[in-house]
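Predicted, not measured: the structure shown is a model, and the values here were computed from it. All values below come from the heavy atoms of this structure, side chains included, with hydrogens, waters and symmetry mates left out. Whatever order the structure lists ligands and atoms in, that order sets their numbers, starting from 1.
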Amino acid sequence: MPQTLGAAILGCGGIGTAHAWAVTRVPGVKMVACVDAIPERAQAFASRFGGDAYTDPVRALERSDVDFVLVTTANDLHAPLTIHALEAGKHVLVQKPMALNLRECDAMVAAAERSGKKLMVSFFEFFHPAFVRAKELIDDGVIGRIFMIKAIMAWYMPNTDAWRFNPAVSGGGILMDGHSHHVALFHWLVKEPVQSVFSEGGTLASEARVEDTAVTLLRTPSAIGEISGSMRLKEPCPQNGRYFKESIEIFGTDGTIQIKPEERPSLRVFSDNGRVAEKLNGWISPNLEWIPYEDRGRSMHFNGDEDPWVPEHRYFVDCIREDREPVSNGQFGREVMEMVFAGYESLRQGRSIKLPLDVAAGVGYQGIPR
Ligand SMILES: NC(=O)c1ccc[n+]([C@@H]2O[C@H](COP(=O)([O-])OP(=O)(O)OC[C@H]3O[C@@H](n4cnc5c(N)ncnc54)[C@H](O)[C@@H]3O)[C@@H](O)[C@H]2O)c1
């Protein structure tokens, strides 16, 4: 294992900026290649974060000093670029949603197994201090057994010509984009297999070609998740006034946890079983991990001092160095996508869909329902 790990970023767009910024703050990591189909974007990233600019990912992946790759392109390129990178002997951190269908997910998992390299799907919630603390409290039994999670992620996307609204590129609308975050969160927190998925949604607030709004219900033997989302919500985020909303309520047999990453405090806990160290019998806001000023991101909706991006990249690099399997590895990512695609199947059939989902059914968006 080299002392310094070389990183390549494939996709120098919106979220690529958060990844490139964060990864270059991880000790022992150097950016060596910035790739974008638009040469000016690749060049701008190389000037800002280091390394050489490329328009062809294949050329960047030929470099022996690239140890791992961040795949931050639009969704349709996640699978081909990830598989190519793994076959070139690179570890891969790929943005959600993992891929456009279950066959692609399976091919990505198989490529990771063949190569022996790490494959991780990025879910920022797993590294945000409020979610990390919530998970610790849940695992400590502070709210008892989870029986319900209610979550919403929504924003306003003005331009319905963007790739997100083109099903051939995005694979679908809010289920792929917003729901995939909270399906992953539910799966992370409720450690039971999801048995069935029911989604209701459609193009309710735009002329988009994909569903702009949806609600999805996930059912395990002892818990239910209600995941809502929209790409047409006009509600200003308290951090900067832009239209974005994220809110999660986790209900356990002994209490409730609320997470609102845009607000301060972002985490509130109520527990009546005497297992909260800080204070009992009322809402409390536990102290969170302090993110040093220089590691605080410029994400548009979090509290400035509670940023997930540097912790996420530090974790991925630790997994590489210590040969540990990432929490959201390829198999986890595949399980999340199975639930998302079951949601699309549910939209199509107008009924609840039992898991496991037939691989052939996992084809993502199939037209605006009803
Ligand atoms: N976790 C989050 O909070 C979060 C937020 C936003 C986006 N995302 C995900 O990140 C991904 C990218 O989203 P975005 O908003 O940054 O999109 P974007 O359009 O801003 O960026 C994508 C970039 O990829 C480039 N690109 C296109 N073809 C390429 C190729 N062949 N090789 C290299 N680069 C190429 C584009 O030119 C563009 O610069 C999506 O999958 C999205 O779902 C996640």
Glu249-Thr256 side chain donor-acceptor pair, cut-off 3.5 Å: no

Next on the checklist: Ignoring hydrogens and geometry beyond distance, is a side-chain donor-acceptor pair present between Gln195 and Arg219 at under 3.5 Å?
Outcome noted: no

The atoms of ligand 1 lying under 4.0 Å from a heavy atom of Pro97, numbered in the order shown, are 43 (O)

Per-atom filter on ligand 1: closer than 4.0 angstrom to a heavy atom of Cys12 are 39 (O)

If you scan protein heavy atoms around atom 32 (N) of ligand 1, the nearest is Pro57 CG, 3.7 Å

closest protein heavy atom to atom 35 (C) of ligand 1 is Ala37 N, 3.6 Å

Item checked: Trp188 six-ring face occupied by Lys135 cation (under 6.0 Å, within 45°) -> yes

To atom 11 (C) of ligand 1, the nearest of Asn75, Leu77, Thr73 on a heavy-atom basis is Thr73

Hits for salt bridge (charged side-chain N to carboxylate O under 4.0 Å, His left out) against Lys354, two or more places apart or cross-chain, chain-then-number order -> none

Is there a polar contact, in the sense of an N or O pair closer than 3.5 Å, between Gly14 and ligand 1? yes

Atoms of ligand 1 under 4.0 Å from any heavy atom of His181, numbered from 1 in the order shown, are 1 (N), 2 (C), 3 (O)

Heavy-atom proximity to atom 43 (O) of ligand 1 ranks first, among Lys96, Glu125, Gln95, for Lys96

The protein heavy atom nearest to atom 22 (C) of ligand 1 is Thr72 O, 3.7 Å

If we number the atoms of ligand 1 from 1 as shown, the ones under 4.0 Å from a heavy atom of Ile38 are 37 (O)

Atom 37 (O) of ligand 1: closest protein heavy atom, distance to 0.1 Å, is Asp36 OD1, 2.6 Å

Under 4.0 Å from one or more heavy atoms of Arg41, ligand 1 contributes atoms 36 (C), 37 (O), 38 (C), 39 (O)

re atom 5 (C) of ligand 1, the protein heavy-atom contact at minimum distance is Ile15 CD1, 3.3 Å

Under 4.0 Å between heavy atoms, the region of Ser122 that gets near ligand 1 turns out to be neither

* **Side-chain ion pair, Arg334 and Asp106, N-O less than 4.0 Å** => yes

- Task: Flag this pair as yes if the NZ/CZ of Lys90 is under 6.0 angstrom from the six-membered ring centre of Phe68 and inside a 45 degree cone about the axis; otherwise no.
- Result: no

For Arg59, does the CZ atom have more than 12 heavy-atom neighbours from other residues, nucleotides or ligands under 6.0 Å away?
-> no

Please answer: with hydrophobic residues joined when any side-chain heavy atoms are less than 4.5 Å apart, are Leu100 and Phe332 in the same cluster? yes

When distances are taken from atom 21 (O) of ligand 1, the protein heavy atom at minimum range is Gly13 CA, 3.3 Å

A student checking ligand 1 against Val35 at a 4.0 Å heavy-atom cut-off should list atoms 33 (C), 34 (N)

At under 4.0 Å between heavy atoms, what of Phe123 touches ligand 1? The answer is neither

Next item on the list: Please determine if Thr55 has a nitrogen or oxygen closer than 3.5 Å to a nitrogen or oxygen of ligand 1.
Entry: no

Note: Met153, heavy atoms under 4.0 Å from ligand 1, region reported as neither

Of all protein heavy atoms, the one nearest atom 19 (O) of ligand 1 is Trp163 NE1, 2.9 Å

Quick one: does His78 get within less than 4.0 Å of ligand 1, heavy atoms only?
yes

Exercise. For ligand 1, find out whether one of its N or O atoms is nearer than 3.5 Å to an N or O atom of Trp309.
Key: no

- Ignoring hydrogens and angles, state whether a donor on the side chain of Ser199 or Ser346 is under 3.5 Å from an acceptor on the partner side chain. no

Is Asp139 salt-bridged to Lys191, cutoff N-O under 4.0 Å? yes

Open item on the list: Pairing donors with acceptors under 3.5 angstrom, does anything connect the side chains of Glu306 and Ser266?
Closed with: yes

Salt bridge Arg324-Glu322, side-chain N to carboxylate O under 4.0 Å: yes

Residue, atom and distance of the protein heavy atom nearest atom 7 (C) of ligand 1 read Arg164 NH2, 3.2 Å

**Prompt:** Does a donor on one side chain sit under 3.5 Å from an acceptor on the other, for His182 and Glu246?
**Reply:** yes

Counting from 1 in the order shown, the ligand 1 atoms closer than 4.0 Å to a non-hydrogen atom of Phe124 are 1 (N), 3 (O)

Residue set satisfying side chain to side chain donor-acceptor pair (under 3.5 Å) with Thr213, at least two apart, ordered chain then number -> Ser230

